[in-house]
Amino acid sequence: MRHITILGATGSIGTNTLDVIKQHPESYTVFALTAYSQMERLIACCRYYHPSLAVVANAKQAEEVSRGLKGKMLKTEVLYGEQGLIAAATDARVDTVMAAIVGAAGLKPTLAAARAGKRILLANKEALVMSGQIFMDAVHQYRSELLPIDSEHNAVFQSLPMDYDRNLADRVRRILLTASGGPFLNHTETMLAQVTPEAAIRHPNWVMGKKISVDSASLMNKGLEVIEAYWLFGVPANKIEVVVHPQSVIHSLVEYIDGSVIAQLGSPDMRIPIAHALAYPKRMTSGANFLDLIRQGSLTFTQPDSTRFPCLDLAYRALDAGASAPTVLNAANEEAVAAFLGNRLRFMSISNVIEEALETVAVTQAKNIEDILEIDAMTRRIANRFINQETIH
Ligand code: NDP
């Protein structure tokens, strides 16, 4: 029996994870569920999964959830705040942590899980992007196990040899991350200048949270994934390439030096990588539809267009600059996306804000997580200055 904590249980990944667990009650039990704003949903999940712990953002919410669970014969303890999240991620009774909080807010609990030596199923790519070296050092030092949930990285993981952490550079020529291209793949620049948040969050292939949907539309999601792949697989940036594949059937590919290309395919359903990582190294059913290649018909591939979608190049630039640049990229992007979703910034200005932040914030070497958080906070202040200027014009 595996004991699971789901950080971000009320989100898209959290919900899919609970769905897979529900199909295998003999193998998985939920230890802790965390939520940030959706209390009703959290209460419903607690009633169904009976976790030992539920974590929310503040004391008022904790009271609300405790009230909602009263009289239900549940022994769910309700905690709140950062310490609550860290308790959920590190409790001795937990062996596996699904890291599915969106954005920088997931960093501390996910890092705490690594330091507690847990098996981490990593969806929260922003945590790795903003603190790559520190995070990976913690994973190695505390013998945590990191399994990728992002469908692309899960596909790469499945396409690599089992002993992939040794001599990968000698064997692998390229890692090819596929990108759906998002809802605006065929938009002209004039059309992109007018897109709304509602249109940006309607992804053609995946149902996801708002932030990653906007990232997907701007191609910043792929940029964050390039940085994520760099840290997860230890290959240099010039060996990580992106190919646009609108059908989202091939989830990514590894090209070896002998010319062999190994890929993972499947329906676009996050329950597949989630079930893979939960059961690893075994396999189990996920509830996803099986891939019907005949019905699928054709698969197509094109190069990403960096003129209409500059965010991908900005991510490569941040990775090349190294040190704190990816932290700056991530923080500026989070602020720009929030401003776009709040109708305070145009879609095409997201990349301007990120570029200006990268040019303004000096690249420094963070020594610890406090340094990372300081760079993150400073970048957000600077990004908001640019956001206000962009909005005025
Ligand atoms: P959602 O927005 O659907 O869910 C986010 C979760 O995090 C919710 O449970 C939310 O709680 C919680 N949360 C939000 N803000 C905070 C905060 N400040 N503190 C604590 N918890 C918070 O996002 P997704 O599930 O789509 O994505 C989650 C992560 O997984 C992201 O990093 C994303 O990039 C990654 N990912 C997602 C994929 C997908 O298909 N959705 C695919 C690959 C990666 P509440 O809802 O209660 O407010």
- Among side-chain atoms of Asp269 and Asn289, is any donor-acceptor pair under 3.5 angstrom? no
- Should Asp91 and Thr5 be marked as a side chain to side chain contact (heavy atoms under 4.5 Å, CB included) after you check the CA-CA gap, both sets of side-chain angles, and the distance that decides it? CA-CA 9 Å; Asp91 193 286; Thr5 280; over 6 Å; no
- Query: Any side-chain donor-acceptor pair under 3.5 Å between Asp19 and Gln23?
  - Reply: yes
- Query: Between Arg385 and Glu356, does at least one N-O distance fall below 4.0 Å, as a salt bridge requires?
  - Reply: no
- Task: With rounding to the nearest 0.5 Å, note down the distance linking OG in Ser252 to CD1 in Ile175.
- Result: 8.5 Å
- Message: Working to the nearest 0.5 angstrom, can you tell me the gap between Ile201 CD1 and Leu341 CG?
- Response: 7.0 Å
- Note on the structure: Checking His276, Met270, Lys125 against Ile149 for side-chain contact (heavy atoms from CB on, under 4.5 Å), the one that qualifies is Met270
- His245 NE2 to Thr178 OG1 distance, which is reported to the nearest 0.5 Å: 6.0 Å
- Message: Just verifying a value: how many Å separate Leu224 CG and Leu219 CG, rounded to the nearest 0.5 Å?
- Response: 11.0 Å
- Return yes if a side-chain donor-acceptor contact under 3.5 Å exists between Thr285 and His24, otherwise no. yes
- Query: Do Glu64 and Arg67 sit within salt-bridge range, that is, some charged N less than 4.0 Å from a carboxylate O?
  - Reply: no
- Looking only at heavy atoms, which two atoms of Leu18 and Ala9 are closest? And how far apart? CD1-O, 4.0 Å
- Item | Single hit among Ser248, Ser180, Ser213 for side-chain hydrogen bond (donor to acceptor under 3.5 Å, both in side chains) with His203 | Ser180
- Among His3, Arg2, Arg119, find the residue that satisfies the side-chain hydrogen bond (donor to acceptor under 3.5 Å, both in side chains) test when tested with Asp95. Arg2
- Message: Whether Asp376 and Arg380 form a salt bridge (side-chain N of Lys/Arg under 4.0 Å from carboxylate O of Asp/Glu) is what I want to check.
- Response: yes
- Message: Check for me whether the distance between the ring centres of His153 and Phe157 falls short of 6.0 Å.
- Response: no
- Rounded to the nearest 0.5 Å, how far apart are OG of Ser306 and CG of Asp313? 4.5 Å
- ring pair (Phe, Tyr, Trp, His ring centres under 6.0 Å) with Phe135: which residues, sequence neighbours excluded? none
- Query: For residues Asn330 and Glu126, is any side-chain donor paired with an opposing acceptor at under 3.5 Å?
  - Reply: no
- Parallel, tilted or perpendicular: which describes the rings of Phe184 and Phe347, with under 30° parallel and over 60° perpendicular? perpendicular
- Query: Just how far is it from atom CD of Glu255 to atom OG of Ser260, taken to the nearest 0.5 Å?
  - Reply: 9.0 Å
